[in-house]
Structure formats: structure tokens, C-alpha cells
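Everything numeric here is computed off the predicted structure, so don't read it as measured data.
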Amino acid sequence: MRIVVPVKYVPDINAERKFVDCRVDRDPAVGTLNELDENALEAALRIVEALDEAEQETSEIVALTVAPPEGDVALRKAFQMGVDRGVRVSDDALAGSDYSGTTAALAAAVRRLETEGPVDLVITGMAALDGLGSVVPALLAATLGRPSVTFAKTVAVADGTLQATRETDEATESLTAPLPAVLSVADTANRPRFPNFKLIMAARSKEIEQWTAADLGLEPGAVGTAGARTETTLAAPRPEKPPVELVQDKGEGGKALAEYLIRHELV
């Protein structure tokens, strides 16, 4: 069983968000592994742990990221959780990639990994917390020509088949797909494990493979700003909230509330 888990290096969710030239400022001092990708890593680890001992010996989990060198932070965290291998795709040509460009790079990296042996599953988190688009898993499945199962709450693999459940507002869906497939897991799918001391120490010295766009055969026009299908034209700080307006009810409170709602076009 070979599983690839795309992970993303994102600004810490608790840090102040900044923009430079209409792009998210990815300050290395506050960068971290996308929290929702931890659910994907945990799902991959549990799938391998459920295999028999012989299959576990031949299994591999690869953490894959498209990021500048600072993105190694995300891969180190993946190592701490227990993945076997880390690959970072870095290239100035990738700067400014949107969802389609990122998908193209990820798909090319998966195909390169497949030259070494089959990739049975690609598992992602449900979204990246810096963008919250939730579209890359489906785009990646389409690009690779594989079945797509998204927002899974439970996951199991048996006899070459992926089995999952997904909860909607009205029902719980049971889904199956033949391997190889692309899967995204919900944040309720599991509780990511805490790294143990041995893995934390080992993660510090583990090798991270570095691939460029040329290594993956990516055309310059397919990624980066040149290949972007979307463009951000304006990014500005959120305006400050207006001061709270307090009204003492002396028998006219209802009238004051109605006037407030009408004044702010809320009714």
C-alpha cells in the first residue's frame, strides 16, 4: 500500500493575516502545517496500521508539499506523526499558482512517484485554512483520472476497494470506490495523534527530497502567475467594527430598534 498525502504550509491561524501584492504573506516565523491536513495524515497512518504485518513492511506513506523551502516545517510535522518520506516541490515558476496550478504540480509529483511503483491512495484534508477553497481534492482526482471521495468521516480499505461514509445535513452516505482513488477526509474523521519523542527527534534529521517544475515536466505556462485562471485584484484589511450603540429603553426601545434596522437596511 502506497499512500500520498498532500500537505500545505500555511500561516498560523492565530497569527495576523497580511497580504503582499495581493498574495498571502507567508512569514516563516508563523508558518505551520495546515491543521486539517493532520486528519489526512492520521487517516493514512491508520489505514497502514490496519494491514497485516507483511503488508505494513512494504507500505509507504509520502507527505508531499508544493512550497518554498520554509514549507519543510509542514513536512517535519508529518515526519513527527510517522510518515515515511517527504517531498517538497519548489520552484520560482510556481509562485502565484492558483488552485489549477497547484493541482497540476501535485498531479505531476504523484505521477513521478508512480514511476517508482503504484500509488494506491491520495489522501487530503478537507480544505486549506489559508484559502478554504476545498476544490483541490476533486481537481486532483479529475487530473489524475481517478475516482473521488470527498469529506469522508470514516475510511476503510479492503480488497482493493475504498469504503467511506460522508455525513450531509439530511443523510449519512455510504460510498465505495476502486483503488487507486483520491480521498479527502473531514475534520471529524479522527483525532490526530500526538508525536512521540522518538519520532520528534528522528524528524529533525530526515531527508526531504526537493523537486523542481522541470523535474516534473511542468510547462512554465501551466503553473504560477502565467497559468493562473483566477486573479486577486484587491486585498485590504477588514474594516474596524463600528462602535456599539447603546439605547436605554424608556418606553421607546422598540421604536429605536426599528429605526436602527431600517437605517442599516437590515429589514
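Side-chain N or O atoms of N34 include one that pairs as donor or acceptor with a backbone N or O of A127 at under 3.5 Å. Judged purely by atom type and a 3.5 angstrom limit, D98 has no side-chain atom pairing as donor or acceptor with the backbone of A228. A donor-acceptor pair under 3.5 Å is formed between the side chain of D91 and the backbone N or O of A93.
Shown here for S59 and L51, the closest heavy-atom pair between the two residues is OG-CD1, 3.4 Å. The two residues A104 and L218 have their closest heavy-atom pair at O-CD2, 3.7 Å. The two atoms that bring A203 and Q80 nearest to each other are CB-CG, 3.6 Å, heavy atoms only. Smallest separation of non-hydrogen atoms from S148 and A138: OG-CA, 4.1 Å. Here the shortest heavy-atom pairing between A40 and V5 reads CB-CG1, 3.8 Å. Taking each heavy atom of I200 and P195 in turn, the nearest pair found is CG1-CB, 3.7 Å.
Here CD1 of I123 is found 10.0 Å from OG of S184. Values are rounded to the nearest 0.5 Å. Atom CG of L64 sits about 11.5 Å away from atom OG1 of T124, to the nearest 0.5 Å. For the atom pair E231 CD and L234 CG, the distance stands at 11.5 Å (nearest 0.5 Å). Atom CZ of residue R2 and atom CG of residue L113 lie 5.5 Å apart, to the nearest 0.5 angstrom. To the nearest 0.5 Å, the span separating OG on S134 from CZ on F151 amounts to 4.5 Å. T103 OG1 to L144 CG: the interatomic distance, rounded to the nearest 0.5 Å, is 9.5 Å.
Between I3 and M1, the closest side-chain pair of non-hydrogen atoms falls below 4.5 Å. Counting only heavy atoms from C-beta outward, the side chains of V66 and S97 never approach each other to under 4.5 Å. Put simply, the side chain of V157 reaches to within 4.5 Å of the side chain of L179, judged on heavy atoms. Counting heavy atoms from C-beta on, the side chains of P178 and P147 come closer than 4.5 Å. Put simply, the side chain of L33 reaches to within 4.5 Å of the side chain of L41, judged on heavy atoms. Annotation: side chain of Q210 is not in contact with side chain of S90 (no heavy-atom distance under 4.5 Å). Put simply, the side chain of V155 reaches to within 4.5 Å of the side chain of L162, judged on heavy atoms. At a threshold of 4.5 Å between non-hydrogen side-chain atoms, the residues Y9 and V73 count as touching.
Electrostatic pairing of R46 and E42 counts as a salt bridge here, judged by a charged N lying under 4.0 Å from a carboxylate O. Of the charged side-chain nitrogens involved, at least one lies within less than 4.0 Å of a carboxylate oxygen, so that K77 and E38 count as a salt-bridged pair. Between E207 and R76 there is no salt bridge, since no side-chain nitrogen of the basic residue lies less than 4.0 Å from a carboxylate oxygen of the acidic one. Between D130 and K8, at least one side-chain N (NZ, or NE/NH1/NH2) sits under 4.0 Å from a carboxylate O, which counts as a salt bridge. Electrostatic pairing of R85 and E209 counts as a salt bridge here, judged by a charged N lying under 4.0 Å from a carboxylate O. Note on R88 versus D72: salt bridge recorded, some NZ/NE/NH1/NH2 to OD/OE distance being below 4.0 Å.
Within a 6.0 Å radius of CG in D52, other residues, nucleotides and ligands contribute more than 12 heavy atoms. Within a 6.0 Å sphere centred on CG of D249, heavy atoms belonging to other residues, nucleotides or ligands number more than 12. Other residues, nucleotides and ligands contribute over 12 non-hydrogen atoms within 6.0 Å of the CZ atom of R263. Atom CD of Q56 has more than 12 heavy atoms from other residues, nucleotides or ligands within 6.0 Å. The neighbour count for E35 CD, taken as heavy atoms of other residues, nucleotides or ligands under 6.0 Å away, does not exceed 12.
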* **side chain to side chain donor-acceptor pair (under 3.5 Å) evaluation trace for T150 with R166** => CA-CA 8 Å; T150 55; R166 176 171 60 201; 3.0 Å; yes
* Asked: Going through the distances and angles, do N190 and N39 end up as a side chain to side chain donor-acceptor pair (under 3.5 Å)?
  -> CA-CA 6 Å; N190 52 52; N39 296 106; 3.0 Å; yes
* Asked: Taking it one step at a time, do T165 and T154 satisfy side chain to side chain donor-acceptor pair (under 3.5 Å)?
  -> CA-CA 5 Å; T165 61; T154 66; 2.5 Å; yes
* To do: Start with the C-alpha gap between T212 and V89, add the side-chain angles, then the distance that decides, and say whether side chain to side chain contact (heavy atoms under 4.5 Å, CB included) holds.
  => CA-CA 6 Å; T212 66; V89 180; over 6 Å; no
* Go through L106 and V136 one step at a time and tell me if the side chain to side chain contact (heavy atoms under 4.5 Å, CB included) criterion holds. => CA-CA 9 Å; L106 290 172; V136 169; 3.9 Å; yes
* To do: Go through the steps to decide whether L121 and I47 satisfy the test side chain to side chain contact (heavy atoms under 4.5 Å, CB included), and finish with yes or no.
  => CA-CA 10 Å; L121 260 178; I47 288 172; 3.8 Å; yes
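Both F79 and I61 are members of a single hydrophobic cluster when ILVMFWY side chains are connected at heavy-atom separations under 4.5 Å. Hydrophobic clustering (side-chain heavy atoms under 4.5 Å, transitive across Ile, Leu, Val, Met, Phe, Trp, Tyr) keeps V10 apart from V7. Hydrophobic clustering keeps V119 apart from L45 (ILVMFWY residues linked when any side-chain heavy atoms are closer than 4.5 Å, directly or through intermediates). Side-chain heavy atoms closer than 4.5 Å link hydrophobic residues (I, L, V, M, F, W, Y) into clusters, and following such links, even through other members, never connects L175 to L140. Linking Ile, Leu, Val, Met, Phe, Trp and Tyr residues whenever their side-chain heavy atoms come within less than 4.5 Å places I262 and L257 in a single cluster.
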